[in-house]
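Comments concern the structure below.
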Amino acid sequence: MHKRTSAFSRTLGLATAVSAVWVLAGCGPKEPAPPATPGKPRVALVMKSLANEFFLTMENGARAHQKAHAADYDLIANGIKDELDVSKQVELVEQMIAQKADAIVIAPADSKALVPVCKKALQAGIIVINIDNKFDDAVLAASQSKFPFVGPDNRKGAKAVGDALAKKLKAGDQVVIIEGAPNAFNGVQRRLGFEDAVKAAGLKIVSSQSGYWETDKANQVVAALMTEHPDVKAVLCANDSMALGAVAALRAAGKLGQVLVVGYDNIAAVQQLLKKGEVLATADQHADRLAVFGIEYALEALKTKAAPADRETPVDLVTGETVSGKP
Amino acid sequence: MNSFSTSDFRRLVTDYLGMAVALAALITVFSLSTEHFFSATTFRTIANQIPSVLLISVGMTYVLVIAEIDLSVGSVLGLCSAVLGVALTKWGWPLWLALPAALGAGLASGAFNGLVSLRWRLPSFIVTLGMLEMARGGAHAVTKSQTQYIGAAIEGIAGASVFGLSLPFLLAIVIVVVAQLVLSRTVFGRYMVAVGTNEEAVRLSGIDPRPIKLAVFLITGFLVALAAIIDTSRFQSANPNAGTGFELQAIAAAVIGGTSLMGGRGSIVSTFFGVLIIAVLNSGLAAVGARDETKRLITGAVIVVAVIVDHYRHRLAKGKGT
C-alpha cells in the first residue's frame, strides 16, 4: 500500500537502529577506543560470559588495575554474552589481531576451539596468555603451539574443600557430587578434586550428576537424590550457585543441618550461609585478581621477551570461621 | 456448555486418559528401577518443585491458544526475581513493598510484549525475543550480575505448608483450576480460542481482538512474576540468571499437553499433566543416576513421542465426531 514511502522509511529506520546500537554499544563519540600511545603496550582482555558474576568480578578487577597503572598499559576488555558463544569469541580475538594489540589475555570459552585463532595471534607477533580455562593439551600439541597458563589449580582447590568436609565425616559415609557443565575443563577438574578427597577419606560416592552450574537444576537433582539415598551425609557442589540450590532442597526435605554442603567460588550470596553453617566450606580463587595476574604476566613477557612458563595462582579455603566480612 | 453432561465426561476421559496413563507408566518404570522413588517424599518433593514452572506453563498455554508466543518468560522471571532481591537487600524495602514491585515488573514486561506487538502488528515471536534479551539485561543491571542472598526475610512464602504441601503448590493448583474454568467456561475464554482459530473472523464479527490479546500477555507477565516470587523464596536468593531456558520447558509442557502451536487449541489441565510428566521424568532420571546425555536424549524423545501420540488421539477423536 505504501510502496513509495516504504523504501525510504525502511532505510531511515535501519539507519536509526544502527546508530542507536552504535551509541548503546559504547562506540559513540563519548567513549573513544584507547589511543595507541607509542611505547605504551596495549593489552587485550578477551573474557568469557559477562553474564556470570565470577567473570564480571574478574573483568572489573582488571579495569581497576589498569586505572591504577594507567601509565603502564592500555586495556581493551571484551567479553561474550554467554559461555556457549564460542564463535563470537573467535571473532573477538580476530579483531584484536587486526587492531594489532601487543598482548592478548584470554579466558577461552572452549579449551579446544580457541586454539587455532590464538595460534594466528601468536604468529602475528602477539603475546598470548591463557587464563581461567586451560587450553587442551592434546590440541596444543597437535597444533604445535604453546601458551602459558596463568590460573588456579581447580583440582587442588576442590581437594582442599573436600578435605575440609571429610574432617566432619567418617569412612564409609555416603556423599553425592553435583558437577558443573560436563564439557567445562574447570568443572571436570573440580569433580576430580572432590573425588581425590573422597577417596583419601574412604567416603562413598552414591551419585555424581551435573547441575549445569545452575541453582535450579542442582536443586532438582539434590531433591531427587535425597529421597533415593536417604543416608547421604554430604553434597559436594562444583560452584556456589548450585550449593544454594542444594541448601534449598535440604531445607524442603527437612534435612538442613543433617546433610553437609560445600561449594566453590565464594560468591557474596553464600557468605551468610557459611556463617550460619548451612554451607560448610567453599574455595576462593580471588576472581578480582585472576585477570590481573594474566595482565601482569603479559606485561612482564613483553619486557623480557622470554618464552614464559605456566604460573599457578592461589586458591584459599573459606569456611564459616574464616569467611571475610564481605557484604 | 452450562451443565456437565455425559458427553463432557466422555471428553474428559479421552482428553486426559492418555496422559494419565503415560504418567502412571513413567512412575511405574521409575518405581521398579529405584529403591525409594515410589514414596510420599518423592511426590511431595515434586509438588514443591513444580509451582513456578506450572504457573509459567499456564501463561504459555494461554499465549499459544491465541496463536501467539512468549519467549521472554524465563528472562522476565529473572528480572522479577532480581527486582525482588535487590529491593529487599540493597534498597532495604519491606516485603509488602518489594512484592508489588516484582509483580509490577512482570506486568510491565507483559504490557510491553502486548502493546508493541499489537501497535505495530509485529509477530510476538520477534517482540518477545527482544524482551528475552532486554529482561535478562535488566536483571543483570539491577543486580550488577551478583546473586543476592536474601535469607529469612522471604523464607515464609515457600516455607509455609499445609499437610506437607507448600503454599506455592496450593496456590498453583488454584490458579490451574481457575485458568481452566476461564478458558473453557467464560466468554473471555471463548474469545481466546476464537482469536487463536481465526482472528480475521473475530474482527469481522465486530469483536476487537486486541484487548483480548493484551490481556493474555498481561496475565502471562503476572503469572511469571508470581513464579519469580516463589523461586526467590525457595532459594532465599535472587540469581540474575534464574529462569534461563524456562520458555522452552513451558512450551514443552504445553505441547505435551496437546496445545497447538498454531493456536485455537489448548487445555490448562493437560498442560498440568505435561508439567507433571517432565517433573517426574527429571526426578526419576536423577534418582536412577542417569548420565547427562541419557537424560537429555530421553527427555527430548518423550516430548516428540507425546506430540505424535496427541496427533493420533486427535484424528481418532475427529473420526468419532463425524
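Proteins come first, then strands; the chains are lettered A, B, ... in the order of their sequence lines, and each starts at number 1.
- Interface summary for chain A: among B/E293, B/E155, B/E133, B/K144, the most heavy-atom pairs under 4.5 angstrom belong to B/E133.
- Heavy atoms closer than 4.5 Å to chain B are found in the side chain of A/S241, but not in its backbone.
- Contact annotation for B/F30: neither backbone nor side-chain heavy atoms come within less than 4.5 Å of a heavy atom of chain A.
- Atom CD of residue A/Q209 and atom CG of residue B/L285 lie 8.5 Å apart, to the nearest 0.5 angstrom.
- Atom CD of residue A/Q220 and atom CD1 of residue B/I46 lie 9.5 Å apart, to the nearest 0.5 angstrom.
- The two residues B/S283 and A/A224 make their nearest non-hydrogen contact at O-CB, 3.4 Å.
- Chain B forms the most heavy-atom pairs under 4.5 Å with one residue out of A/L56, A/N219, A/T215, and that residue is A/N219.
- Proximity to chain B is absent for every atom of A/K217, based on heavy atoms less than 4.5 angstrom apart.
- Counting heavy atoms from C-beta outward, B/Q146 and A/I267 have side chains that stay 4.5 Å or more apart.
- For B/R291, the CZ atom sits in a loose shell: 12 or fewer heavy atoms of surrounding residues, nucleotides or ligands are nearer than 6.0 Å.
- If you measure heavy-atom distances from B/T42 to chain A, the contacts under 4.5 Å come from both the backbone and the side chain.
- Both the backbone and the side chain of B/T147 come within contact range of chain A, with heavy atoms under 4.5 Å apart.
- To the nearest 0.5 Å, atoms OG1 (B/T89) and CD (A/Q272) are separated by 11.0 Å.
- Side-chain contact between A/D216 and B/R234 is present, with at least one heavy-atom pair separated by less than 4.5 Å.
- In this structure, the separation between CG on B/D292 and OH on A/Y212 is 4.0 Å, given to the nearest 0.5 Å.
- For A/A223, the parts sitting under 4.5 Å from any heavy atom of chain B are the backbone and the side chain alike.
- Using a 4.5 Å cut-off between heavy atoms, A/D240 makes no contact with chain B at all.
- One distance of note links CZ of B/F235 with CG of A/L244; it measures 9.0 Å at 0.5 Å rounding.
- In this structure the side chain of A/E214 never reaches within 4.5 angstrom of the side chain of B/N241, judged on heavy atoms.
- Using a 4.5 Å heavy-atom cutoff, the side chains of A/V221 and B/K295 are in contact.
- In this structure, chain A has heavy atoms under 4.5 Å from both the backbone and the side chain of B/E35.
- For B/S237, the part sitting under 4.5 Å from any heavy atom of chain A is the side chain, from C-beta outward, and nothing else.
- Atom CD in B/Q236 sits 7.5 Å away from atom CG in A/L273 (nearest 0.5 Å).
- Contact annotation for residues 227-234 of chain A against chain B (heavy-atom separation below 4.5 Å, listed by residue number): A/T227, A/E228, A/H229, A/P230.
- Contacts between A/S210 and chain B at a heavy-atom distance below 4.5 Å involve backbone atoms as well as side-chain atoms.
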